[in-house]
Amino acid sequence: MDKKPYDPSDIEQKLYKAWEDSGLFAPGDNPEAYSLAIPPPNVTGTLHMGHGFQNAIMDCLIRYYRMSGKNTLWQVGTDHAGIATEMVVERRLNAEGKTKSDIGREAFEEEVWNWKKVSGNKITSQLRRLGSSLDWSSERFTLDEEYQHAVLSAFIQLFEEGLIYQGKRLVNWDPVLETSLSDLEVVNKDLTIKIWEIKYQLEATDKFVTVATTRPETLLGDMALAVNPSDKRFSHLIGKKASLPLCNRLIPIVADSYVDPEFGTGVVKITPGHDFNDYDLGKRHGLHMDEDFQCHSGAEDDFVPISIFNKTVAIIGVAPKKFHGMDRFEARKVILEDLKKEKLLMSEKEYESTLPYGDRSDQILEPLLTDQWYVDAKTLAKPAIDAVKSGEIQFVPANWEKTYFQWMDNIQDWCISRQLWWGHRIPIWYDESNKPHAGFSEKDVREKHNLKGKLRQEEDVLDTWFSSSLWTFATMGWPEKNEKLSLFHPTTTLVTGFDIIFFWVARMIMMTKHFMKEVPFKEVYITGLIKDENGQKMSKSKGNILDPIDLIDGVSLEELLAKRTEGMMQPQLKEKIIQQTKNQFPEGIESYGTDALRYTFYSLASPGRDINFDIGRIKGYRNFCNKIWNAFRFIEMQITNHSYQSSEGSKDIFSDWMASKIYQTAKNCQTHIKQYRFDLASAEIYELVWSNFCDWYIEFCKVAIQKSDNAGQTNSLIKNLITNFYSILELLHPFMPFITEELSSKLADLSKLEKSGYLVENGFNHTKASNQSNEIQLDKIINIISALRVIRAENQNIKNETLNLIISNDLNSDTQSIISENEGVISGIAKLGKIEFSDQVPAESIEKTMDGYKIIIPLEGLIDPEEEIARLQKELADVENDIKIINAKLANKQFVDKAPAEVVKKEKVKISDAESKKTMLEKSIAKLQP
RNA sequence: AGACCCGUAGCUCAGUUUUGGUUAGAGCGUCGCAUUGACAUUGCGAAGGUCGAUGGUUCGAGUCCAUUCGGGUCUACCA
């Protein structure tokens, strides 16, 4: 037996492989199903702390229910992550001096598939390192053939139902990635920007009106000026025209209540092609341009917005030729100079506002008029709202429902087309008259619609979230109806973060309700977001990211620095990050093992919104693993040293006590897991194992075995010890799968049980209800031993002496006889000579009043009576104070009348306890006094 | 502008809803003591909190209500 501490690296990967090879994670056919679908990570991504956290939780759930006898499916898979992946591959191409358009669509797609091959398995192997008991046999990727078929089917059905439509609208345009984005992919940043005031000359006068703008370049696309209809300052202008600076064309002045007379100058320039509000206003007023480039208002149907940007946001169209080809910011500069020259620029001021940025590219977005595909989200939202309102789906914690409703009630149609190459190409073919038809292939479309002429396929691909919104059922083979779907769908629970409630959770509910006529999951457990120990979001640019695998295996400072600084978007932060990392981890990070990391996650999983990951805590849980490991080593020693034989044994009070504690904890954990309180469950088990099992039970067993005088008794003590340890391993297994599996198999070998297979599949076999009265008795004995320890700590001269103990006869007779029966063990642990029950108290002694009885340690010549009196008097003062407080309470008529009888009774019991304690203390003091 | 979350021991957090009711808990850290048989990744013991503030409801408030201060998040945004 070696003495080195527990080393998880010896066992973890070996065990996972054994589990996986044995096919233990694959579902069976028991109709009592429990299923989870993993939120599919980006196929080319790597594991971060959030993944680690959420997967730890999912694995605990699935292992717990698998052990409880449910038929479990934990669906695994990865997402193609359109924009993110396309960006990475494009950057790699750029580094080689090539561009996407150089090589063309097909070659590019091939590049991405190659990249997936290189980096694609990283995250799935990392999931294995976490011990996640995923069903690898049903792994899916969102671009698998089968999955693609589901995506196309969904699109075609929605199109045919009129719930997907094409429209020329303003979208959030990312000029760097050259694609549209949905509202959710826009990050609004608060900034100090500039605002300019510009004069527009009124037609056929020498008068001007002034408008304010933060984007002067858009004036090239202005189609009107607008004022509030009730604004007296400008009512005479309504219906007149103004001349557009630098452009030599006229635009109408219209009245619209959208304009806030209090804000700015009260006159607004209207650019329907480049601003969302202006677009709506332009539509209301039917703004359009004639062949002479003059703008007019009209009926709503006349509305034709003009656009002056192309897809790289360079100036085109009706803008004066001079500006053509200029980038938006270059054009802004030139326009401001020109306005200044013409004395039309009134002012330039600082201004607090927000600008929209792309969440991936981090570039300022531009509203741009393009053809896009939309999902009619308003229609799909209704059943999805009802599903949550009716309780068919429950959010945990429940207040996330509010967030959900707030968004769903104001939902906008969802732009699902992306001008990318990586993803599901939209299954639309245009005929020669540009009419769109949906189908699985060109052939399919031709046959269905009897088309003869040339067909052109839509170039765009679908938003990644469109395909992932089908995740729970598309992974199970939909649109085919099969047994898997009927057994495992709806899934039981979704575990995810609040950051994707809108992106994913809400859209899954909408789509699943629509296609399956049922919900995708019955409960949504929204976890907190993992932040660093200072409450900062973990991000590459802050340089505070942690890789869960580094916490498992350890990492040197050099490697950690390299990881945190490679491929930085803002290299100027590099020095700061290096310094900060060196301060935090001067020696790098130690290896803690998966079980310790997982346990840390559980202990932090309280219902709040943010979870600050304090690296200090993981150390404590590594020690916990070591503690368990050594508890096993103790048992191992007993088995070997006493030639343990597996046979029928008899009960003992210590094992009964332990079994009873385990049973209670197991019951509580069941509740905690149902309520997703992994923090409470883990804390309770920790306390059970460390404080009850190791600190007390093992110590009792140790002495009991030592003092046992017959082999049968020894054997039976060991047998009960083994059984209780098994129960603990079972209870811990969903939280710490590796160490528990390893120890259970070692224990099975040692104790010569027939090999009973893996804990993974075995369930909770050893935990049983036990003798509760024994539990109470032993709790009392433990109280006595603890009190003795306090006395020793307070009296340094007796800290190591063997002492005699007298217990007053006030202690009930049941406990007295149990103490007598186990005198040897108790004396052994508490280092006592003999234990007596008596009301005869020797003159020189230390006394301690307990719960209705007292313990006395005769100490002739060893104590200073004066010191002892002082100590007792302090204790007396405390008791008297308690009595005063309770008396005051009971003297309060209001309290006695209004408080529930139970509460009043409790107080009365309390005071009588305190009174008797007081009497005992007074007697003790009197005796010491000369 | 609206919605939401957080504030409890030196630090990181439970406890606050359904149900207001003893002396408010844990881990880490700190202090004192312990040393060869499971474990120093250890054991035993101790100290440490007017629960952000104010007011209210109540016999009774960390918990309920109102106001307020500080920190944070999301949604929507006006030129």
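Keep in mind that the numbers below use all heavy atoms, side chains included, and drop hydrogens, waters and symmetry copies. Numbers restart at 1 for each chain; the letters A, B, ... are given by sequence-line order, proteins then strands.
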Item to check | Nucleotide forming a Watson-Crick or wobble pair with B:U67, both distances under 3.5 Å | outcome: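 Across any shown strand, B:U67 pairs with B:A53.
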inquiry  = Does the structure show a Watson-Crick or G-U wobble partner for B:G43, both distances under 3.5 Å? Name it, or say none.
reply    =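 Pair assignment: B:G43 / B:C33.
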Discussion item. Less than 4.0 angstrom between a side-chain N/O of A:Asn399 and OP1 or OP2 of B:C4, yes or no?
Written reply: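 Indeed not, no polar side-chain atom of A:Asn399 lies that close.
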Item to complete: State, without any angle test, whether A:Thr210 and A:Glu197 hold a side-chain donor-acceptor pair at a distance under 3.5 Å.
Response: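 On atom types as modelled, these side chains do not qualify, holding no pair under 3.5 Å.
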Sugar-phosphate, base or nothing in reach of [X], heavy atoms under 4.0 Å:
X	value
A:Pro397	nothing
A:Asp695	sugar-phosphate
A:Asn626	base
A:Phe502	sugar-phosphate
A:Thr214	sugar-phosphate
A:Trp196	nothing
A:Cys625	nothing
A:Gly620	nothing
A:Tyr351	sugar-phosphate

Donor-acceptor pair present, A:Lys627 side chain and B:C39 base, under 3.5 Å =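 Check passes, donor-acceptor contact within cut-off.
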### Query
Would you say the side chain of A:Thr403 and the base of B:C4 hold a donor-acceptor pair, judged only by whether the two atoms sit under 3.5 Å apart?
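Under the 3.5 Å cut-off, the side chain and the base do not form any donor-acceptor pair.
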Quick check for you: among [options], whose closest atom lies nearest to any side-chain atom of [X]?
X	options	answer
A:Phe498	B:U75, B:U42, B:U73	B:U73
A:Val790	B:A46, B:U42, B:A79	B:A46
A:Lys799	B:G72, B:U22, B:C33	B:C33
A:Asp260	B:C78, B:G21, B:A38	B:C78

Under the ring-ring contact (aromatic ring centres under 6.0 Å, His included) test against A:Phe654, which residue among A:Tyr697, A:Phe700, A:Trp696 passes?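 Among A:Tyr697, A:Phe700, A:Trp696, the one that satisfies the ring-ring contact (aromatic ring centres under 6.0 Å, His included) with A:Phe654 is A:Phe700.
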task = Kindly state whether the ring of A:Phe725 and the ring of A:Phe693 have centres lying under 6.0 angstrom apart.
result =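 Yes, close enough.
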Relative to the 5' end of RNA chain B, which residue comes earlier, A:Arg215 or A:Ser691, by the nucleotide with the nearest heavy atom?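 The residue whose closest nucleotide sits nearer the 5' end is A:Ser691.
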Would you mind telling me which residue lines up with the more 5' stretch of RNA chain B, A:Asn892 or A:Asn623, judged by nearest nucleotide?
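Nearest-nucleotide comparison on RNA chain B picks A:Asn623.
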**Message:** Strictly below 4.0 Å, N to O, side chains only: are A:Lys889 and A:Glu907 in salt-bridge contact?
**Reply:**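 So A:Lys889 pairs with A:Glu907 through a salt bridge.
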- Can A:Phe895 be said to stack with the base of B:C59, given centres closer than 5.5 angstrom and planes under 30 degrees apart?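 Per 5.5 Å and 30° rule: no stacking.
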